[in-house]
Participant: 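Here it is: the structure, laid out below.
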Amino acid sequence: MDEEKGKTVNFFVGSYSDEGPYVLTANGDGILSCTLDLKTGNIQKNSLCEEGVNATYLDKSPNEKYLFAAIDRFSEIGSVSVFSIGSNGSLSQLSTQPSHGKSTCHIASDRNGERIFLSSYMDSKLTAYNFDGSEISPATEIITYEGSGPNVERQEDSHAHQAVVSPDNKWLYVCDLGSDKIWIHDMADLENIIRSIDVPPGYGPRHLVWNEPLNKSYVYCELNSHILVYDWDQETGNMSLIEDIAALPEEYEGQAAGSAIRIHPNHKALYVSDRGHNSIIVHSIGESGKLKYESWFSIRGKTPRDFAVDPTGTWLLVANQDTDSIVPFRLDDESGLPVGEYASSFECGTPVSIQFLTP
């Protein structure tokens, strides 16, 4: 990979500065702007945006001019913030609006960067906004979900954990951990829930990622760390379950705590993290879209709440929330599989979200 020599890629890190019910130690200072050396895996800090306190999840606009942040205030109403991205990766806050929900946990934009969707876990709210390139509008829709599941401790009520737009920008999918459902909305009429997908009872769907070339979606479930593989019907928005895989090793006897799911840029590998096992579990993706277990590796820290693969497919960066570190692991950029190498750990207070820019 000689072509990587001298090349770098910028990324942002969201962190917690305030402690709360699910953040027992908080050492973050805001949103970090960093640079990853694609040859060595070394990470360098560029700047800090202190206005991004408790940035629990990050997304970017398709033109990469703006960074979107979900701001968590635990049992109080959270917020959404938009930042302009400078040429050196510095951030300047442009606009903010309340989330109208508690334990705000996820943010995503549509494929044009004109609409923003916030998910709030505690009171299971989806909040939508318009974005005109300078300001976020007041909320255009606020939708509350209802339901429950068999896990009396975690599924006593509905808990929206993620909203994600389909690749064609026609449908919005909301993973509801509390009710074991994936709610499907019509983007042209957001308040219209066209259907819901029933996830197996007690699974607790957390996050969904797309495999657009194969018309597949992969849903990672927090409560048992299972990966669900779905056929996706672009015309109707429907999803049909074709595979259910337990991600954790059979010999593991601890508590499952699934967190993040990511797909390699070439769509040949899928990764999930587990905060109980403190690992990344790796599957290759076949031509049918089904998964084949390959390996797992220790994240060299604790509580991998999030991770991300750089756009070249060369490095996987893990945000270890409870050991204040980001650890880069090298991937084979053709297969997407780990090669057993890692770079120096980067000290970072309570990292919980990573968002790359295109190099």
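Excluded from the calculations below are hydrogen atoms, water molecules and symmetry mates; all remaining heavy atoms, backbone and side chain alike, are included.
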Participant: Aromatic ring centroids of F329 and Y271 under 6.0 Å?
Facilitator: no
Participant: Pick from F356, F346, W315: which one makes a ring pair (Phe, Tyr, Trp, His ring centres under 6.0 Å) with F11?
Facilitator: F356
Participant: Please examine the side chains of F307 and L316, heavy atoms only from C-beta on, and report whether any two atoms are closer than 4.5 Å.
Facilitator: yes
Participant: Between CD1 of I116 and OH of Y129, what distance do you get to the nearest 0.5 Å?
Facilitator: 8.5 Å
Participant: How long is the gap from CG on L190 to CZ on R115, to the nearest 0.5 Å?
Facilitator: 5.5 Å
Participant: Hey, does S61 have a side-chain heavy atom less than 4.5 Å from the side chain of F68?
Facilitator: yes
Participant: Of all the heavy-atom pairs spanning V23 and T350, show the shortest one and how long it is.
Facilitator: CG1-CG2, 4.2 Å
Participant: Checking N169 side chain against R111 main chain: does a donor-acceptor pair fall under 3.5 Å?
Facilitator: yes
Participant: Looking at E156, I'd like to know if its CD atom is crowded, meaning that more than 12 non-hydrogen atoms belonging to other residues, nucleotides or ligands lie closer than 6.0 Å.
Facilitator: yes
Participant: Would you say the ring centroid of H106 lies under 6.0 angstrom from that of Y173?
Facilitator: no
Participant: Quick check: closest heavy atoms across R275 and S259, and the distance to 0.1 Å?
Facilitator: NE-CB, 3.4 Å
Participant: Do you reckon V165 sits in the same ILVMFWY cluster as I107, going by side-chain contacts under 4.5 Å, direct or chained?
Facilitator: no
Participant: Is there a chain of hydrophobic side chains (I, L, V, M, F, W, Y, each step under 4.5 Å between heavy atoms) that links W171 to L228?
Facilitator: yes
Participant: Is there a donor-acceptor contact under 3.5 Å linking the side chains of S120 and T104?
Facilitator: yes
Participant: I'd like to know if the side chain of S273 reaches the main chain of A260, judged simply by a donor and an acceptor atom lying under 3.5 Å from each other, with no hydrogens or angles considered.
Facilitator: yes
Participant: Judged by modelled atom types alone, do E64 and T358 share a side-chain donor-acceptor pair under 3.5 Å?
Facilitator: yes
Participant: Does any N or O in the side chain of S137 come within less than 3.5 Å of the main-chain N or O of N130, such that one atom is a donor and the other an acceptor?
Facilitator: yes
Participant: Using a strict threshold of under 4.0 Å (side-chain N to carboxylate O), is an ion pair present between K268 and E287?
Facilitator: no
Participant: Among T56, D322, N320, find the residue that satisfies the side-chain hydrogen bond (donor to acceptor under 3.5 Å, both in side chains) test when tested with R305.
Facilitator: T56
Participant: Spell out, yes or no, whether L126 and Y121 are grouped together once hydrophobic residues are joined by side-chain heavy atoms under 4.5 Å, including indirect joins.
Facilitator: no
Participant: Between P359 and T8, is there a side-chain heavy-atom distance shorter than 4.5 Å?
Facilitator: no
Participant: I want to check something: taking the side chain as every heavy atom from C-beta on, are I31 and F83 in contact at a cut-off of under 4.5 Å?
Facilitator: yes
Participant: Go through it in stages, so that I can follow the logic: the residues are L291 and E243, the test is side chain to side chain contact (heavy atoms under 4.5 Å, CB included), and I'd like the CA-CA distance, side-chain angles, deciding distance and then a yes or no.
Facilitator: CA-CA 8 Å; L291 302 178; E243 193 171 32; 4.1 Å; yes
Participant: If you compare all heavy atoms of V339 against all heavy atoms of D332, which two are closest, and at what distance to 0.1 Å?
Facilitator: CG1-N, 3.6 Å
Participant: With sequence neighbours left out, write down each residue that passes side-chain contact (heavy atoms from CB on, under 4.5 Å) with I242, or none if nothing qualifies.
Facilitator: K216, V229, D231, K290
Participant: Measuring only between side-chain heavy atoms, which start at C-beta, is F131 closer than 4.5 Å to S95?
Facilitator: no
Participant: Checking side chain to side chain contact (heavy atoms under 4.5 Å, CB included) for the pair T96/V80: CA distance, chi angles, key distance, verdict?
Facilitator: CA-CA 5 Å; T96 186; V80 52; 5.6 Å; no
Participant: Can you find a side-chain donor-acceptor pair between R300 and Y342 that sits under 3.5 Å?
Facilitator: yes
Participant: Looking at R262 and D306, is any side-chain nitrogen of the basic one under 4.0 Å from a carboxylate oxygen of the acidic one?
Facilitator: yes
Participant: Spell out, yes or no, whether I280 and L337 are grouped together once hydrophobic residues are joined by side-chain heavy atoms under 4.5 Å, including indirect joins.
Facilitator: yes
Participant: Walk me through it: do V199 and C221 pass the test side chain to side chain contact (heavy atoms under 4.5 Å, CB included)?
Facilitator: CA-CA 9 Å; V199 169; C221 300; 4.2 Å; yes
Participant: Under a 3.5 Å distance rule, please check whether S353 uses its side chain to pair with a backbone N or O of L58 as donor and acceptor.
Facilitator: yes
Participant: Any chance the side chains of D176 and H161 put a donor and an acceptor closer than 3.5 Å?
Facilitator: no
Participant: Under 6.0 Å between ring centres: does that hold for F74 and Y22?
Facilitator: yes
Participant: With side chain to side chain donor-acceptor pair (under 3.5 Å) as the criterion, how do Q155 and D180 come out once you've worked through the C-alpha distance, each side chain's angles and the decisive distance to 0.1 Å?
Facilitator: CA-CA 8 Å; Q155 296 184 307; D180 287 320; 2.9 Å; yes
Participant: Can a donor-acceptor pair be found, under 3.5 Å and without considering hydrogens, that links the side chain of S92 to the backbone of S84?
Facilitator: no
Participant: Is there a side-chain contact between V209 and L270 (heavy atoms, below 4.5 Å)?
Facilitator: yes
Participant: For E19, is the CD atom crowded, meaning more than 12 foreign heavy atoms sit under 6.0 Å from it?
Facilitator: yes
Participant: Might you work through the side chain to side chain donor-acceptor pair (under 3.5 Å) test for D274 and S225, ending with a clear yes or no?
Facilitator: CA-CA 7 Å; D274 187 275; S225 293; 2.5 Å; yes
Participant: Are I71 and I77 connected into the same hydrophobic cluster when the rule is that any two of I, L, V, M, F, W, Y join if their side-chain heavy atoms are below 4.5 Å apart?
Facilitator: no
Participant: Considering non-hydrogen atoms only, spot the tightest contact between L317 and P328 and give its length.
Facilitator: CD1-CB, 3.9 Å
Participant: In Å, rounded to the nearest 0.5 Å, how long is the span from CZ of R195 to NE2 of H185?
Facilitator: 12.5 Å
Participant: State whether K125 and D123 are salt-bridged, where the test is any N-O pair (Lys NZ or Arg NE/NH1/NH2 against Asp/Glu carboxylate O) under 4.0 Å.
Facilitator: yes
Participant: Once salt bridge (Lys or Arg N to Asp or Glu O under 4.0 Å) is applied, do any residues pair with D186, and if so which ones, sequence neighbours excluded?
Facilitator: none
Participant: So, D72 versus Y16: side-chain donor-acceptor pair below 3.5 Å or not?
Facilitator: yes
Participant: For the backbone of T312 and the side chain of D310, can you confirm whether one donor and one acceptor N or O come within less than 3.5 Å of each other?
Facilitator: yes
Participant: Could you go through V174 and F117, starting from their C-alpha distance and side-chain angles, then the distance that decides it, and tell me whether this counts as side chain to side chain contact (heavy atoms under 4.5 Å, CB included)?
Facilitator: CA-CA 10 Å; V174 178; F117 304 97; over 6 Å; no
Participant: Is it the case that the side chains of T314 and D333 hold a donor-acceptor pair, with the cut-off being a distance below 3.5 Å and no angle test?
Facilitator: no
Participant: Look at D18 together with R73 and state whether they make a salt bridge at an N to O cut-off of under 4.0 Å.
Facilitator: yes
Participant: Which atoms form the tightest heavy-atom contact between V327 and S345, and what is the distance?
Facilitator: CG2-OG, 3.9 Å
Participant: Could you measure the distance from the SG atom of C175 to the CD atom of E222? Nearest 0.5 Å is fine.
Facilitator: 11.5 Å
Participant: Could you tell me which non-hydrogen atom of S109 sits nearest to which non-hydrogen atom of K60, and how far apart they are?
Facilitator: OG-O, 3.6 Å
Participant: Just so I know, are the side chains of L208 and Y220 near enough to count as touching, which here means a heavy-atom distance under 4.5 Å?
Facilitator: no
Participant: Would you confirm whether T303, through its side chain, and Q321, through its main-chain N or O, come within 3.5 Å as a donor-acceptor pair?
Facilitator: no
Participant: Go through it in stages, so that I can follow the logic: the residues are Q44 and T35, the test is side chain to side chain donor-acceptor pair (under 3.5 Å), and I'd like the CA-CA distance, side-chain angles, deciding distance and then a yes or no.
Facilitator: CA-CA 5 Å; Q44 177 181 331; T35 296; over 6 Å; no
Participant: Would you say I85 and F12 make side-chain contact, with heavy atoms under 4.5 Å?
Facilitator: yes
Participant: We want to know whether T236 and N238 form a side-chain donor-acceptor pair, criterion being a heavy-atom distance below 3.5 angstrom.
Facilitator: no
